Every structure is written in structure tokens, then in C-alpha cells.
Visitor: 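Below is the structure I would like to discuss, written out as C-alpha cells.
Throughout, protein chains are lettered first and strands after them, A, B, ... in sequence-line order, and every chain is numbered starting at 1. Given the structure is predicted, the values throughout are model-derived calculations rather than measurements.
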Number of protein chains: 2
Amino acid sequence: MNVRSRHDAIVCSLRRSGTTKIDALALEVGASRRTVLRDIGALRDQGYVIHSDVGRGGGLQLDPQSVQTNARLSVPEVFALLISVAAMRAAGNLPFSELADAGLAKIEKALPADRIRDLRRFLDCLHIGQLSPLQDLSDMGTMVPELLPAFETAFLGQLMLRFDYRDAKGRKSRREVEPQAMLILPPLWYLVGWDPSRADFRHFRMDRISRVEAVEGTRFRHRHVPFEDDVCPYSELQARDRAGHV
Amino acid sequence: MNVRSRHDAIVCSLRRSGTTKIDALALEVGASRRTVLRDIGALRDQGYVIHSDVGRGGGLQLDPQSVQTNARLSVPEVFALLISVAAMRAAGNLPFSELADAGLAKIEKALPADRIRDLRRFLDCLHIGQLSPLQDLSDMGTMVPELLPAFETAFLGQLMLRFDYRDAKGRKSRREVEPQAMLILPPLWYLVGWDPSRADFRHFRMDRISRVEAVEGTRFRHRHVPFEDDVCPYSELQARDRAGHV
DNA sequence: GAAAATAGTGCCAATTCCTGTCACCATTTG
DNA sequence: CAAATGGTGACAGGAATTGGCACTATTTTC
């Protein structure tokens, strides 16, 4: 019996039976009384709340609120969760968002330090707007998760993004732009890019982007993002989108 | 140097430099070549994708996509994340929500089985509506995370909920109701409860609830929740809320 | 008040597991 | 072929975990 699996077995047993005695636990997991006591201490250090009553009829009791999960997430998954919670908070202060934040903070802390810096830089390129009134979404496509790695690479390495774009009128074209920012106007997302061939900024709706890739060896400088929360109102972009100009 | 911190150091070093040789790694982390090889094996078992090229100019390469985080979350935190992502998806199909779901699925799987069942039952009591047009939120209060444990206990154990309520006109009262459902109409949340003393269903805005507790030993039967997504439109509730009748 | 039951701690020997060394193999590059 | 590199197996020594014991503190029962 491994240390890890023994800890799991102890937590499991404590969860099943309301109150358990140390000797019973020792018998169950096949370890000595002393070892089980050490394990209990380790579990408490890990944050499990285990009450103990001494004397006859005493024993150990696990506070079910303190049961914890140990999930292993990939970086894109963490990032998706971060975006979700951030977007939700922008939609208004939902209940329990503090709790969700606390959870995310823990997840972030578990990442390598340099990865956290990357994430924050990427998040800095993200502008999240207010809830938009419902609009016609009949032609809204789907966004594929495969976008994320390419976007992350391009934003962090300041590389050109190359992708297929289908505009409001259904015309297809292959674009190559310098990614400057991402805008979230639930339920729509936009990429703000500087198009060198047109020498202008362009907005692209994410659901119309496909076959995206970061182009190696095309380092560029970040320009001033033509988008300030309080200067350029989101409503303008939305109006242009509705008019088919995005 | 601990096993754990050595693993971290190796992952970090592999992330920094594109391709690294085992002997260089051994020198860097202050362990022997054999130990580093064992560590690499362990990391691969943990899911890290580490490519290796033998021969001159070879070395190790870490697939950045495979970097993982190992966060330890409490059950309320998991629940808050679940609610966040569910609410966000109801707000429209945001990008990367599939990724967020995948992450949450992993987190859920890491919970004890009976805890998952509880979570699902609790989520079943949750009705998530469409985005509501912006409305006047000047009087919107804040919701405290301390609500969640009491709510969970009450919903799962079918216990009465007792709390202070401040209605639209600012009148305070202490209520005791059978919790039937929760409604999310971003950014507002409502509790649907059966009030025995009034023999009727009542809606309570979450941000007006305080000092909440689940009352022990008051088991009740779930009644038919007077709320069907397609029958009773959310707009009706919103209209009543605006008129100060909630 | 005494006895029994229970959690908890300190100490030390025994055991188990981790680490380093070495020999060796397989593959690629020049 | 030789050099450079990742990878595996065996084994001795060292580090960490475990078990046993004596002991303390508290609560319940008689």
C-alpha cells in the first residue's frame, strides 16, 4: 500500500462512515496505528478538516465541506476556464463568482511561474465588454478549440496570424494579420488585427475564422490598439457587425 | 532537492530552452543522469509529452501543449466553477467553452463518486435562462459565498431554508421556505421556495438574502416546481421583479 | 475517584524506497 | 566506423518511511 493510495483510502473510509476510530482505520488500510496517525496529520496539513473526539465513543470525523479534488488540467483548459469566469463576471456580479475566482487562483498557482506570466500577458490582450442585447445570431458559426493554441502562440510571440475568413456576405479570403487584441461581446468574439497589406486595423468575428496558424519568423511590434473601453464604444462595433462590415 | 521540486525544475528548464540534453539537465538540477532519466519517465507517465531525438544534435523536447497543472480545489469551488461555465454557456456559445467543459469534466472525475451525484442533483435544481436585456441594477446587492454550503445542504437534504429577506421596498422579514429551485437570469439569481405559512410559491432575489441556514430535522417533499423553461417565460418573472413584486 | 477508551507525541530500530554508479544497448550523424 | 545521444538493468549505499513502545491528555462509564 502506497502513501498516496493509503491517504485516499483513509479519506474514503472517513467519508463513508460518519465517525471512525484510528485502530479501525489502521486495520482497514493495513498499516499501523502510528502510521495512520501520521497520515491524519498529513491530511490535515493538506487542508482536510478532521475533527477528533477523545474518550469513549470518540473517534475521527471528516468535515465533508473540506473534501478536495485533485484535477490535472492542461494549460488551454485553464485558460478556457479563466476566460469563462472573466466573461461571466463582466456579465454582472453573479453569485459565487468569488468562489470561482478562488478556485482559479489555486489552479493558476499550480502552474509553472513563467506560464502564469504568459497567461497574464495573453489576458491583457483581452477586452471584455458588457452584455449586449440579444441580436440576430442565425448565421453564427461555431468556434473550434483548436484556435486557442495558435492564438496563444501568435499573441505571446508577436507572430502574424494566417487564417481563412468568411465575411458577412459569405466571401472567403485568406488573411495574414498582426494580432492586436481580442474583444468579447457575449455571445460574440472578435479578433482585432492590423492588416499590413491594407495598412489598417480590421475586426474579425471569431466564428468566421478557420484554418488558423501562427506564422513562424514574422515578429512584429504591437501598435496602439485602436480600442479603449471608454473611447470607442462597443455598440459601434456591434452596429458595424449588424451592417455586415466586419 | 525534493523529488517534486526536481520535477518542477526539469519541466521549467525544458520549457525555457527548446531542446535540452539529459546531461545538461542533470547538471542543472544537481542530480545524476540516471535520476533525471527516471524523472523524465515519471513525467511521461504523468502525461507530459516529451519528445526525444537520439544521435548527434539530439536531446529532449517538451510539447508545451502538455504542460499540466495540479490544483487542489474544495467542493464549493468546483461547484462555483460549474455554475460559472454553465451560466456562461447559457449566455451563448462562447469560444473555448468546450475546452472549459473538458477541464471541468476532469475536475469532476477527480471528486469522490458520491460527491458527483450530489453535485448533479444540485445542478438539476438549477434553471439557467437566456441573457436578459440590461435593466436597472442600482439597488442590486452582493451575494456572499457563505450562502452556498447552506443552500447545498438544504437542497440535497430537502431541509427548510431560513433566512432574512429584504424585499423590493426595503422591508425586512425572516423567512422559512422549502427550497425548490434556483433560477439564473444573468446577472440576477432567484431562489424559488414554497412558503408553508403562505401556502404558495415565492421568488426571492439572491442578493437580498442574508443570514441563511438550513434547518435541521425539517425534511419535506419536493413539489412540482412551478417553472418550466418553455411554459413560464422568464420575462414574466423579470417584469414582476421590475414592478417590485419579488 | 478509578478504570477504560480514545486521540496524540516522541523516540529509535527496522524496513522500504530512492539515488548514484557502472556496464551496456540502440540509434543517429558525420 | 566513431562519437554523441537517449534508454535500461543491476546493485550498493543512503535517505525516508514505518512499526513498536512508552507516555500524556481527555472524556466517559462504573
Visitor: Would you mind telling me which of D/dG20, D/dG7, C/dA7 lies closest to the side-chain atoms of B/R44?
Guide: D/dG7
Visitor: Would you say the base of C/dG10 and the side-chain of A/R34 have a donor-acceptor pair closer than 3.5 Å?
Guide: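 Answer yes: a donor N or O sits under 3.5 Å from an acceptor.
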Visitor: Charged N to carboxylate O under 4.0 angstrom, A/R16 versus A/E28?
Guide: yes
Visitor: Between B/K21 and B/D23 (salt bridge meaning N to carboxylate O under 4.0 Å), is one present in this structure?
Guide: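 No, B/K21 and B/D23 are not salt-bridged.
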Visitor: What does B/L37 touch in the nucleic acid at a heavy-atom separation under 4.0 angstrom: a base, only the sugar-phosphate, or nothing?
Guide: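 Base, at least one base heavy atom under 4.0 Å.
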Visitor: If you pin B/G55 and A/T35 to their nearest nucleotides in DNA chain D, which one's is more 5'?
Guide: B/G55
Visitor: Verify the distance criterion only: is there a donor paired with an acceptor across the side chains of A/R175 and A/S173 at less than 3.5 Å?
Guide: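 A/R175 vs A/S173: donor-acceptor pair found between side chains.
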Visitor: Quick one: do A/D164 and A/K172 make a salt bridge, cutoff under 4.0 Å?
Guide: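 Answer for the salt bridge query: no.
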Visitor: When the distance from CD1 of A/I10 to P of C/dA7 is rounded to whole Å, what number comes out?
Guide: 13 Å
Visitor: Out of C/dA7, D/dG7, C/dG20, which has the shortest distance to the side chain of B/A31?
Guide: C/dG20
Visitor: State whether A/R6 places a side-chain N or O below 4.0 Å from either non-bridging phosphate oxygen (OP1 or OP2) of D/dT18.
Guide: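 Checking D/dT18 against A/R6, a side-chain N or O does come within under 4.0 Å of OP1 or OP2.
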Visitor: Report which part of the nucleic acid B/G59 touches: base, sugar-phosphate, or nothing (heavy-atom distance under 4.0 Å, all strands).
Guide: sugar-phosphate
Visitor: Whole-Å distance between D/dA16 P and B/R4 CZ?
Guide: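 That distance rounds to 17 Å.
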Visitor: For A/R174, does the CZ atom have more than 12 heavy-atom neighbours from other residues, nucleotides or ligands under 6.0 Å away?
Guide: yes
Visitor: Got a donor-acceptor pair under 3.5 Å from the side chain of A/R38 to the base of D/dG19?
Guide: yes
Visitor: Rounded to whole angstrom units, what separation is found between the CD1 atom of A/I50 and the P atom of C/dT6?
Guide: 18 Å
Visitor: Which listed nucleotide (C/dT27, C/dC18, D/dT26) is nearest to the side chain of B/V54?
Guide: C/dT27
Visitor: To the nearest 10°, give me the bend of the helix from C/dG1-D/dC30 to C/dG30-D/dC1, comparing the axes of its five terminal pairs at either end.
Guide: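 End-to-end axis angle: 30°.
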Visitor: Can you tell which of A/R4, A/R6, A/R34, A/R44 makes a salt bridge (Lys or Arg N to Asp or Glu O under 4.0 Å) with A/D39?
Guide: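 Of the listed residues A/R4, A/R6, A/R34, A/R44, the salt bridge (Lys or Arg N to Asp or Glu O under 4.0 Å) partner of A/D39 is A/R6.
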Visitor: What residue among B/L14, B/T19, B/I10 forms side chain to side chain contact (heavy atoms under 4.5 Å, CB included) with B/L60?
Guide: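 So, applying the side chain to side chain contact (heavy atoms under 4.5 Å, CB included) to B/L60 and each of B/L14, B/T19, B/I10, only B/L14 qualifies.
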Visitor: Could you tell me how far apart B/I22 (CD1) and C/dT28 (P) are, to the nearest whole angstrom?
Guide: 16 Å
Visitor: Take atom CG of B/L60 and atom P of D/dA4, then tell me their distance rounded to the nearest Å.
Guide: 18 Å
Visitor: A/H7 has an atom NE2; how far is it from atom C1' of D/dT17, in whole Å?
Guide: 11 Å
Visitor: Give one of base, sugar-phosphate or nothing for B/T19, where a contact means two heavy atoms less than 4.0 Å apart.
Guide: nothing
Visitor: Please check if any side-chain donor atom of A/Q68 sits under 3.5 Å from a side-chain acceptor atom of B/S74, or the reverse.
Guide: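 There is no such pair between these side chains.
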Visitor: Whole angstrom is fine here: how far is it from CG in B/D39 over to C1' in D/dG6?
Guide: 15 Å
Visitor: By nearest atom, which of the nucleotides D/dT5, D/dA4, C/dA7 is closest to the B/R56 side chain?
Guide: D/dA4
Visitor: How long is the line joining NZ of A/K21 and P of C/dA7, in whole Å?
Guide: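 Rounded to the whole Å, the gap is 7 Å.
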Visitor: Closest approach to the side chain of B/S52, judged atom by atom: which nucleotide of C/dG8, D/dT18, D/dG6 is it?
Guide: D/dG6
